[in-house]
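Presented below is the structure to which this report refers.
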Amino acid sequence: MDKQKIISFRPILKDGKINSVVLFSDRKEKTLLLSKNFNKIKNIFEDTKVLKCGFDLKELIKKFRAEGIEIKDPIFDCFIASYLINPGTREYKKEESVEKNIETARELWKEMSRAGLLDLFQKIEMPLISVLAKIEENGVKINIEYLKKMSEVFDKKIKKLKKEIWKLAGEEFNINSPIQIKKIIFEKIKISSKGIKKTSKKNELSTAASELERLREAHPIINFILEYRELYKLKSTYIDALPELVDKKTKRIHANFNQAITSTGRLSSSNPNLQNIPIRGDIGREIRKAFIAEKGKILVAFDYSQIELRIVASLSGDEKMINSFNSHEDIHTRTASEVWGVPLNEVTKDMRRSAKAINFGVLYGIGPRGLAKSAGISHYEAVDFISKYFSLYQGIKNYLEETKALAYSLGYSETLFGRRRYFPEINSSIPYLRAAAERMAINHPVQGTAADIIKIAMIKINKELPNIRMILQVHDELVFEIKKTEYKKITKHIKELMENAVKLKVPVEVDGKIGDNWGDMEKI
DNA sequence: GCCGTCACG
DNA sequence: ACGTACGTGACGGCA
């Protein structure tokens, strides 16, 4: 950083386009009008010997590219640097908090150096910026007609349900209002609210689906409300919202993939959020079918199999868990077989379900109550199960203890690539705040390392296959839109790049799927 | 602008 | 008796 030429810059926009560029170099500041200095500006930004410092370079890369200028490496994004230094705070998100000059960049550099973040910054986060810019520019194609038809069908169903609910309630009310639902079912119809949870902030009776489920038998209105909720949610959030976000010029949806939001290092997606498109329910899956490939192309999706549990196995070095992954058998069945000491073929569905719940629980900082709930077992059984699990997987137990101890002494935990997250409340005198911080400290290295790995894969794919179209990242999954004539060779290449992005103590496996739309895909 | 709710990994 | 498994974003209601 010291030997190369450094400039810091900020564009001045007019109608969303670049009008001029403010350049800071050697403490001098000058403003260049783009129309009069196009070649000069282009030469500076495309010079690979100049370090370009700016704030939120993904946005700037897209804006400059629209003008015919590539912002080439090396780059220094103050936004991302501030984020890496403290991903838990939201201060850095204000552009004003990170002044766009070279001195600021030097300070951020020093801070990253002290926290051991330079490799992560230079080798992962900076190269990722242009990959994300491309994904956003690529966008994704939507079947608008399909969604419009679906909207009409849903509209009719919702209206029908509304009438039914009003009839059973004996009055008209807003079913979208939890307060009004509460009044109807607990006060008017007088369904017993015994055992129903309270909401976290206002301590009022909850009408969440998980609570209403328990009241299904009590009155027929409950089922109708649950069904209404599901349909209304899907219609308002996806079916009606997605077509509105289609770009008029490209006819595609260009969401944001945010690189400096989450505490753990994951990306987030917004406007629209393409990382929470339904898949679980039958109706939800229908919505996924609206995501389609262009004519002559096909969607190809790759997801990391059990990546977080593999990371736990690798970080902890637990021999039994590592052996389990090396055996290439279903990991939860394998866990169940070991915990109960029965052969693989004698593992029952219930045994596998509990094993799956505890394997998941380990990633989040398990507690007996949470396990009891997710595994559908008693509190006592959960306590017993956890103790059995940890006596079997000693390595995992020790690793979790060490992670907690480090979080207490250092105030942070970190991923395989040194991504840190601080836990100011880990030494709080309030027990539940401390417990919450402990769980975050345990989860961060796992979720964060998975984020590191897929980011590395994205960079490698972008480098080796620059001409293919990456369109989505969903935490452990990448989706591409590929020419039908080309996909066979390319898919094998992508899978290999993802599987070999990082070497762990266990094999990293990637499953591929292919289809004309994102809803029904078949295994490759 | 917060809250409750619910979609995803 | 209770806040009781991690991380997100969007919607509608309500003040």
Side-chain angles (χ1 to χ4, degrees), chain A residues 87-88 173-182 197-212 225-226 228-242 244-245 255-258 261-281 283-285 287-288 303-308 312 357-375 379 382 386 400 413 421 423 430-448 450-451 454 472-478 518:
Chain A
F173 68 101
N174 189 342
I175 309 166
N176 294 324
S177 162
I179 295 175
Q180 295 184 35
I181 287 189
K182 220 163 27 192
K197 284 221 177 90
K198 303 284 179 73
T199 58
S200 63
K201 300 276 157 68
K202 295 194 165 177
N203 204 34
E204 306 222 40
L205 283 170
S206 167
T207 68
S210 57
E211 302 307 309
L212 294 185
I225 291 173
L226 285 167
Y228 174 94
R229 276 248 183 94
E230 184 186 10
L231 298 188
Y232 195 95
K233 172 88 178 183
L234 296 174
K235 182 170 185 284
S236 62
T237 309
Y238 306 102
I239 298 170
D240 291 343
L242 290 172
E244 296 294 314
L245 289 157
N256 291 108
F257 283 88
N258 314 303
I261 297 266
T262 72
S263 307
T264 58
R266 273 189 176 182
L267 302 177
S268 87
S269 167
S270 55
N271 301 305
N273 181 356
L274 295 182
Q275 293 179 323
N276 74 345
I277 302 301
I279 187 169
R280 289 169 192 165
I283 311 168
R285 191 175 279 267
I287 292 169
R288 225 169 236 240
D303 70 288
Y304 281 106
S305 160
Q306 305 291 353
I307 188 68
E308 294 195 350
V312 168
I358 200 170
N359 276 335
F360 252 100
V362 161
L363 312 174
Y364 300 143
I366 190 99
R369 178 132 184 176
L371 180 63
K373 195 181 160 200
S374 72
H379 191 264
I386 291 172
L400 297 180
S413 65
R421 179 180 176 188
F423 307 101
I430 303 167
Y432 79 83
L433 287 182
R434 214 169 50 227
E438 277 186 8
R439 293 194 298 270
M440 294 173 199
I442 284 171
N443 179 253
H444 170 249
V446 183
Q447 191 179 114
I454 197 166
L472 296 168
Q473 191 255 38
V474 193
H475 310 307
D476 66 352
E477 174 185 17
L478 293 175
W518 200 19

In whole angstroms, how far is the [atom2] atom of [N] from the [atom1] atom of [X]?
| X | N | atom1 | atom2 | result |
| --- | --- | --- | --- | --- |
| A:Q275 | C:dT8 | CD | P | 11 Å |
| A:L274 | C:dT8 | CG | C1' | 13 Å |
| A:N271 | C:dT8 | CG | C1' | 14 Å |
| A:F423 | C:dC6 | CZ | P | 12 Å |
| A:I277 | C:dA10 | CD1 | C1' | 11 Å |
| A:K373 | C:dC6 | NZ | P | 11 Å |
| A:L245 | C:dA10 | CG | P | 9 Å |

What distance do [X] atom [atom1] and [Y] atom [atom2] have between them, rounded to the nearest 0.5 Å?
| X | Y | atom1 | atom2 | result |
| --- | --- | --- | --- | --- |
| A:I442 | A:S413 | CD1 | OG | 9.0 Å |
| A:I287 | A:I239 | CD1 | CD1 | 4.0 Å |
| A:I181 | A:L212 | CD1 | CG | 7.0 Å |
| A:I307 | A:L363 | CD1 | CG | 11.5 Å |
| A:I386 | A:I366 | CD1 | CD1 | 4.5 Å |

For the backbone of A:N273 and the side chain of A:S270, can you confirm whether one donor and one acceptor N or O come within less than 3.5 Å of each other? no
Hey, is the main chain of A:I175 close enough, under 3.5 Å, to the side chain of A:Q180 for a donor-acceptor pair? no
Would you mind classifying the nucleic acid contact of [X] as base, sugar-phosphate or nothing, using non-hydrogen atoms under 4.0 angstrom?
| X | value |
| --- | --- |
| A:A372 | nothing |
| A:S374 | base |
| A:R229 | sugar-phosphate |
| A:K201 | sugar-phosphate |
| A:A436 | nothing |
| A:G367 | nothing |
| A:N276 | base |
| A:I366 | base |

How about [X]: does its [atom1] atom have over 12 heavy atoms from other parts shown lying under 6.0 Å from it?
| X | atom1 | answer |
| --- | --- | --- |
| A:K373 | NZ | no |
| A:R288 | CZ | yes |
| A:F360 | CZ | no |

Pairs: protein N or O with nucleotides 1-4 of chain C N or O, under 3.5 Å:
none

Start and end of chain A contact along DNA chain B [non-hydrogen atoms, under 4.0 Å]: B:dC3 to B:dG9
Is the shortest side-chain N to carboxylate O distance from A:E230 to A:R280 below 4.0 Å? no
I'd like the C1' distance from C:dG3 over to B:dG4, given in whole Å. 16 Å
Nearest-Å distance once atom C1' is located in both C:dA5 and B:dC3: 22 Å
Considering only nitrogen or oxygen atoms on both sides, find all protein atoms under 3.5 Å from nucleotides 12-15 of chain C and state each distance.
residue, atom, partner, partner atom, Å
C:dG13, OP1, A:N174, OD1, 3.2
C:dG13, OP1, A:N174, ND2, 2.4
C:dG13, O3', A:S177, OG, 3.3
C:dC14, OP1, A:S177, OG, 2.5
C:dC14, OP1, A:Q180, NE2, 3.4

Just by distance, with hydrogens left out, do A:T264 and A:N443 show a side-chain donor and acceptor under 3.5 Å apart? no
If the condition is side-chain hydrogen bond (donor to acceptor under 3.5 Å, both in side chains), which residues does A:K235 pass it with, not counting sequence neighbours? A:D240
Starting at the 5' end of DNA chain C, write a dot or bracket for each base, bracketing those in Watson-Crick or G-U wobble pairs whose two distances are under 3.5 Å and using | for partners on another strand. .....|||||||||.
Holding to ring pair (Phe, Tyr, Trp, His ring centres under 6.0 Å), I want the full list of residues that pass it with A:Y232, two or more places apart in sequence or in another chain. A:Y228
List the steps and the verdict of salt bridge (Lys or Arg N to Asp or Glu O under 4.0 Å) for A:K182 and A:E211. CA-CA 12 Å; A:K182 220 163 27 192; A:E211 302 307 309; over 6 Å; no
